[in-house]
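Below is one structure; the comments refer to it alone.
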There are 2 protein chains.
Amino acid sequence: MLITPAEENYLKAIFKIAEQEDKPVQTNAIAHEMNTAAASVTDMLKRLAEKQLITYEKYRGVQLSPAGNQIATVLIRKHRLWETFLVDKLGFPWDQVHELAEQLEHIQSDTLTSRLDQFLGFPSFDPHGDPIPDAQGRWNRRAQIALSDMQAGQKGKLTAVADDAALFLQYLDQLGLALHAEITVLERFPFDQSMKVLIGEKATVLSEKVCQNLYCAV
Amino acid sequence: MLITPAEENYLKAIFKIAEQEDKPVQTNAIAHEMNTAAASVTDMLKRLAEKQLITYEKYRGVQLSPAGNQIATVLIRKHRLWETFLVDKLGFPWDQVHELAEQLEHIQSDTLTSRLDQFLGFPSFDPHGDPIPDAQGRWNRRAQIALSDMQAGQKGKLTAVADDAALFLQYLDQLGLALHAEITVLERFPFDQSMKVLIGEKATVLSEKVCQNLYCAV
DNA sequence: AATTTATTTTAGGTTAGTCTAAAAATTAAT
DNA sequence: ATTAATTTTTAGACTAACCTAAAATAAATT
């Protein structure tokens, strides 16, 4: 059965949403994630259900089937391997690889994926700190918590960023925040959930939104 | 103006056919090259003419415009850079890279192309000995002649193969014929234009078709 | 419980890229 | 120079992936 790039993208979006909350994924959530009209999503859900890649009950939301889950996992694996390639081998900055990987992830060749994996030294995490599932679809989970959940006085090392948007990553660059940077929580401001943190030598205030998107090993 | 992968493929096919004979490219030739119905070609030619990528006169065949030529050149450049990457960096055999490069060539990013070029050391020829146009679209032409045009007694080094089909390349592997191999023409058989040649230590008879697809520097 | 609001689906339409079969134009052959 | 053969185009149809607007269903509120 051949899966189109558009179908793969829907499966990936469903996977991503399902990861955050453990309940059937809603049509509107998918439409928002993919920047499409809800009607287009309904169309596609029917096709995906037809192909047994999701379980779909009208008005009730969807869930990935085992087959759908596997396709999404392979797609994420390819995406993150390509991002690693672009940064480690071609020297791209981390804020410029997401869009490119969105194209490269659709290249169909298991051999290519596994050779690329080997060429990169079987990496476990991508340039944004996200885990790369292995050839069997197994995930590396790492002990890490959101910076927004850390207490004043706690120290941590930046292990992952939860948002790959170029603007966000460029902002982190400006702050001197790269993966593995040391962060110390100096003070929490309950008013707006912002925090004062120490990055290297420099103290900065980070908004709640930024803190929610930074993960640390403590 | 955005060019779709399908449009790119048509431009590449036109380029390839025009390379062989210097006259307007016929609809049927394109249809044959692309394994599509002639009617589909006519449809696409109208679209390409609309976009000013070809000059098209009904029933008269087509020619690439400067813009169309540039797109085809970049596409071939990307195709051959990816093939080089797959062989040199990922260790693919030369008979397995064509189909993959057909996918990879459509990745849209000038930055990626130039970084890949640099990563590979600005190669001038791909794994099949075909020239790779540089970032300005300039071609490396090399002094070489078809084995089928060589005379008995002549010696040469294999510089390029004119057919990327896996079956042909595997046959060459069997014969011990890799790029840069030394070939000596022992005898020509006028009856069917086959030749007896020396490859390394081994004498073999090659059909006319094979000889036409092998190029040598003498 | 009835009504309002939000969500989802259906209906109907568009574009790109393909197809087959029939018609038109060109080229070759008698 | 007609006729026959070949090539090309048109006509009409299909699928995937999208859209807007309207209808249907579910959830929330009074």
Side-chain angles (χ1 to χ4, degrees), chain A residues 1-14 17-18 20-21 23-64 67-68 71-72 75 102-103 105-106 108, chain B residues 1-14 17-18 20-21 23-64 68 71-72 75 102-103 105-108:
Chain A
M1 185 191 19
L2 64 325
I3 313 292
T4 67
E7 288 168 340
E8 288 189 324
N9 285 336
Y10 274 92
L11 294 173
K12 188 176 57 163
I14 295 167
I17 298 163
Q20 284 153 36
E21 294 194 60
K23 59 177 189 189
V25 173
Q26 292 183 298
T27 302
N28 266 356
I30 300 169
H32 182 258
E33 173 71 27
M34 302 211 44
N35 286 309
T36 50
S40 311
V41 175
T42 303
D43 267 10
M44 182 57 93
L45 294 183
K46 285 184 198 160
R47 254 174 284 150
L48 294 174
E50 187 68 35
K51 292 189 172 182
Q52 317 228 4
L53 301 173
I54 57 172
T55 56
Y56 170 48
E57 215 185 325
K58 267 191 185 181
Y59 295 101
R60 289 274 120 97
V62 298
Q63 281 185 301
L64 290 179
I71 290 169
L75 197 68
E102 296 273 291
Q103 294 185 59
E105 69 190 5
H106 297 293
Q108 289 190 337
Chain B
M1 186 192 17
L2 63 326
I3 313 292
T4 66
E7 287 169 341
E8 288 188 324
N9 285 336
Y10 274 94
L11 294 172
K12 187 176 58 162
I14 295 166
I17 297 162
Q20 283 152 36
E21 294 194 60
K23 60 177 189 190
V25 173
Q26 291 183 299
T27 302
N28 265 357
I30 300 169
H32 182 257
E33 173 71 27
M34 302 211 43
N35 287 308
T36 51
S40 311
V41 175
T42 303
D43 269 10
M44 181 57 92
L45 294 183
K46 284 185 199 159
R47 254 173 283 152
L48 293 174
E50 187 69 32
K51 291 190 173 182
Q52 318 229 4
L53 300 173
I54 58 172
T55 56
Y56 170 47
E57 215 184 328
K58 267 191 183 183
Y59 294 102
R60 287 275 120 96
V62 298
Q63 280 186 302
L64 291 179
I71 290 169
L75 197 67
E102 296 273 292
Q103 294 185 60
E105 69 191 4
H106 296 293
I107 302 294
Q108 289 192 335

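Computation of the quantities below employed the complete heavy-atom set of this structure, encompassing side-chain atoms and omitting hydrogens, waters and symmetry-equivalent molecules. Protein chains get the first letters and strands the later ones, always in sequence-line order, with residue 1 at the start of each.
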- Quickly work out the B/His32 NE2 to D/dT8 C1' distance and round it to whole Å. 17 Å
- Message: If you compare every side-chain N and O of B/Arg47 against the phosphate oxygens of C/dA16 (OP1, OP2), does one of them come in below 4.0 Å?
- Response: no
- Item | Candidates C/dT18, D/dA17, C/dT9 - which lies nearest the side chain of B/Ser40 | C/dT18
- Residue-phosphate contact under 4.0 Å: B/Thr36 side-chain N/O, C/dG17 OP1/OP2: no
- Item | Along DNA chain D (nearest heavy atom to each residue), the more 5'-positioned of B/Arg60 and A/Pro5 | B/Arg60
- Message: Quick check on D/dT9: is either OP1 or OP2 less than 4.0 Å from any side-chain nitrogen or oxygen of B/Tyr56?
- Response: yes
- Query: Between C/dG17 and B/Thr4, is there an OP1 or OP2 to side-chain N/O distance shorter than 4.0 Å?
  - Reply: yes
- Message: If the cut-off is 4.0 Å, is B/Asn28 near the phosphate of D/dT8, judged by side-chain N/O to OP1 or OP2?
- Response: yes
- Item | C/dT10 OP1/OP2 closer than 4.0 Å to side-chain N/O of A/Lys58 | yes
- From the options D/dC18, C/dT7, D/dT8, select the nucleotide whose nearest atom is closest to the side chain of A/Met44. D/dC18
- B/Gln26 has a side chain; which of D/dT7, D/dT9, C/dT10 sits nearest to it? D/dT7
- Query: Is there a side-chain polar atom (N or O) of B/Tyr59 under 4.0 Å from OP1 or OP2 of D/dT6?
  - Reply: no
- Would you say a side-chain N or O of B/Thr42 is under 4.0 Å from OP1 or OP2 of D/dT10? no
- Among the candidates D/dT10, C/dT7, D/dA21, find the nucleotide nearest to the side-chain atoms of B/Lys46. D/dT10
- Can we say A/Lys12 and A/Glu33 salt-bridge, meaning some charged N sits less than 4.0 Å from an Asp/Glu carboxylate O? no
- Query: Which part of the nucleic acid, if any, lies within contact of B/Ala39, taking any heavy atom under 4.0 Å across all strands shown: a base, the sugar-phosphate backbone alone, or nothing?
  - Reply: base
